[in-house]
Amino acid sequence: MRTLQTTLIFFLLVHWVKPDPTTSQTLRTEAFEEIWDYEEPPRAGKAMKKKGIMTVLHALQKDESATEQPANKEDGEMPTCLLCVCLSGSVYCEETDIDAVPPLPKETNYLYARFNKIKKITAKDFADIPNLRRLDFTGNLIEDIEDGAFSRLSLLEELTLAENRLLKLPALPSKLTLFNARHNKLKSKGIKANTFKKLNNLSFLYLDHNELESVPPHLPESLRILHLQFNNIADITDDTFCKSNDTRYIRSRVDEIRLEGNPILLGKHPNSFICLKRLPTGTYY
């Protein structure tokens, strides 16, 4: 009698804990639909698990890209974030053979477009990208930059145009701390007298390996590093770095001025450096 009672209790318990077939099938179907994205699952359990994980990862990657960097697409053009790499406000378009500035996500902070075939920068390229802080166009074929190309970039701090074919400089944004235009074809007539005058945050100015005949005028007081080596500078005046009418004036922030490789004997201009903490690098005799 006791054995019969135990058996009945066992069957009742089994029936009580057994899942409903309809519910179980529904859960399995929903799970497969979520993992496999409506693809037919494979027969082997291990293969199913591996492929399912990969599918989910690709889906998450696609979703993350769509969330962080919306694709920009113009007629017949590949979206920038497929051609380049977009990551947390930075766009990397290095060695992609682009010949123009690509359309950028509006939230872009940093653009690295080095070693491409860009020939011109226009005012429209950054018209709707107000948060840019750094631009790097090293190693392109840039010959022309429209004067208003950077006028709306009020937050831009670093601008690098090294190793291009520039003959003149455009208007520069006021918050620049670094400007690099080394290894171009710049002549003094291609730099306006007030180009650097109002750049009160500019600390690093690199204009070496150009064709400048003179030191750019109105260099800001904030300047720390000035590279002008290997140009055609043949003369400087007492007002180039200092103030001839103010013998007490000291340009205290300047740490380095390089003038070697120019056809100038610095020893002939001793009064040109009396306001500096250190003598410029170059030929004196």
Side-chain angles (χ1 to χ4, degrees), residues 114 135-140 142-143 145 150 157-285:
R114 296 179 289 197
L135 290 172
D136 192 341
F137 290 101
T138 299
N140 278 274
I142 300 172
E143 297 180 349
I145 301 176
F150 308 120
E157 297 175 353
E158 298 183 13
L159 176 58
T160 299
L161 300 166
E163 301 176 36
N164 280 281
R165 301 177 180 179
L166 288 173
L167 297 174
K168 61 179 182 177
L169 294 182
L172 300 175
S174 60
K175 288 193 176 181
L176 278 186
T177 61
L178 180 150
F179 180 66
N180 186 345
R182 61 193 305 266
H183 282 282
N184 276 275
K185 297 181 178 181
L186 293 170
K187 294 186 177 182
S188 293
K189 65 180 181 180
I191 300 179
K192 295 180 181 179
N194 61 350
T195 296
F196 302 110
K197 186 176 182 178
K198 296 182 179 180
L199 304 188
N200 297 322
N201 297 312
L202 188 66
S203 296
F204 306 94
L205 178 57
Y206 303 103
L207 295 172
D208 53 282
H209 294 86
N210 277 282
E211 300 175 16
L212 300 176
E213 299 90 359
S214 61
V215 177
H218 304 301
L219 296 173
E221 296 291 329
S222 57
L223 204 60
R224 291 177 51 198
I225 305 295
L226 175 62
H227 284 191
L228 293 167
Q229 67 270 29
F230 298 100
N231 278 280
N232 295 324
I233 300 172
D235 192 28
I236 54 177
T237 70
D238 293 350
D239 293 315
T240 298
F241 302 113
C242 305
K243 296 179 181 180
S244 58
N245 60 350
D246 186 357
T247 56
R248 296 184 179 182
Y249 170 73
I250 301 295
R251 192 179 276 272
S252 59
R253 297 186 181 181
V254 173
D255 293 322
E256 180 180 83
I257 296 177
R258 293 185 59 178
L259 285 166
E260 72 270 22
N262 285 281
I264 182 174
L265 290 178
L266 299 178
K268 293 183 177 181
H269 308 276
N271 293 331
S272 299
F273 316 125
I274 58 175
C275 67
L276 303 177
K277 296 185 297 181
R278 297 179 179 85
L279 289 175
T281 302
T283 303
Y284 283 83
Y285 302 103

**Study point:** Set of residues satisfying side chain to side chain contact (heavy atoms under 4.5 Å, CB included) with respect to Lys277, sequence neighbours excluded
**Key:** Asp255
Point to revise | From CG (Leu166) to CD (Glu143), nearest 0.5 Å | key: 9.0 Å
Check your understanding: Given the rule in the side chain to side chain contact (heavy atoms under 4.5 Å, CB included) test, do Leu219 and Val254 qualify, once you have shown the distances and angles that lead to the verdict?
Key -> CA-CA 11 Å; Leu219 296 173; Val254 173; over 6 Å; no
Identify all side-chain donor-acceptor contacts of residues 171-181 below 3.5 Å with residues at least two apart in sequence or on another chain.
| residue | atom | partner | partner atom | Å |
| --- | --- | --- | --- | --- |
| Thr177 | OG1 | Glu157 | O | 3.1 |
| Asn180 | OD1 | Arg182 | N | 3.1 |

Exercise for review: Identify the residue among Arg258, Gln229, His183, His227 that makes a side chain to side chain contact (heavy atoms under 4.5 Å, CB included) with Tyr206.
Suggested key: His227
Exercise for review: May I ask you to decide if Leu202's main-chain N or O and Ser222's side chain share a donor-acceptor pair within less than 3.5 Å?
Suggested key: yes
Review point. In Å and rounded to the nearest 0.5 Å, what is the NZ to CG distance from Lys268 to Asp235?
Key: 9.5 Å
Review point. Where do Phe230 and Asp208 land on the side chain to side chain contact (heavy atoms under 4.5 Å, CB included) test, with the steps shown first?
Key: CA-CA 6 Å; Phe230 298 100; Asp208 53 282; 5.7 Å; no
Practice item. Quick one: closest heavy-atom pair of Ser272 and Cys242, and the distance? Key: O-SG, 3.4 Å
Point to revise | Heavy-atom side-chain contact between Leu228 and Pro216 under 4.5 Å | key: yes
**Study point:** Check: Arg165 main-chain N/O paired with Asn184 side-chain donor or acceptor under 3.5 Å
**Key:** yes
**Study point:** Rounded distance (nearest 0.5 Å) linking atom CG of Asn262 with atom CD1 of Ile264
**Key:** 7.0 Å
Exercise for review: To the nearest 0.5 angstrom, please state how far the CG atom of Leu207 sits from the CZ atom of Phe196.
Suggested key: 5.0 Å
Review point. Is the backbone of Lys243 close enough, under 3.5 Å, to the side chain of Asp246 for a donor and an acceptor to pair up by distance?
Key: no
Practice item. Measure the CD1-CG distance between Ile274 and Leu279 for me, rounded to the nearest 0.5 Å. Key: 12.0 Å
Review point. What pairs with Glu256 under salt bridge (Lys or Arg N to Asp or Glu O under 4.0 Å), at least two apart in sequence or on another chain?
Key: none
Review point. Under 4.5 Å between any side-chain heavy atoms of Leu223 and Phe241, yes or no?
Key: no
Point to revise | Whether Asn210 side chain and Asn231 backbone form a donor-acceptor pair below 3.5 Å | key: no
Practice item. Answer whether the closest heavy-atom distance between the side chains of Leu161 and Ile145 falls below 4.5 Å. Key: yes
Check your understanding: At their closest point, which heavy atom of Ser188 faces which heavy atom of Ser214, and how far apart are they?
Key -> OG-N, 3.0 Å
Check your understanding: Are Ser244 and Asp239 linked by a side-chain donor-acceptor pair shorter than 3.5 Å?
Key -> yes
Exercise for review: State, to 0.1 Å, how close Asn164 and Phe137 come at their nearest heavy-atom pair, and which atoms those are.
Suggested key: ND2-O, 3.0 Å
Exercise for review: Specify the closest pair of heavy atoms between Leu135 and Phe150, including all atoms of both residues, with the distance to one decimal.
Suggested key: CD1-CE2, 3.9 Å
Revision key, fill the gap. In short, Pro280 meets Leu259 closest at the heavy-atom pair CB-CD1, 4.0 Å
Point to revise | Atom of Glu221, atom of Arg251 and distance for their closest heavy-atom approach | key: CA-NH1, 4.0 Å
Exercise for review: Measure the CG-CG distance between Asn245 and Asp238 for me, rounded to the nearest 0.5 Å.
Suggested key: 10.5 Å
**Study point:** Residues Phe273, Ile257; criterion side chain to side chain contact (heavy atoms under 4.5 Å, CB included); working and verdict
**Key:** CA-CA 10 Å; Phe273 316 125; Ile257 296 177; over 6 Å; no
Check your understanding: Taking C-beta and beyond as the side chain, do His269 and Thr240 meet within less than 4.5 Å on heavy atoms?
Key -> no
Practice item. Go through the side-chain N and O atoms of Thr160 and Thr138 and say whether any donor and acceptor fall under 3.5 Å apart. Key: no
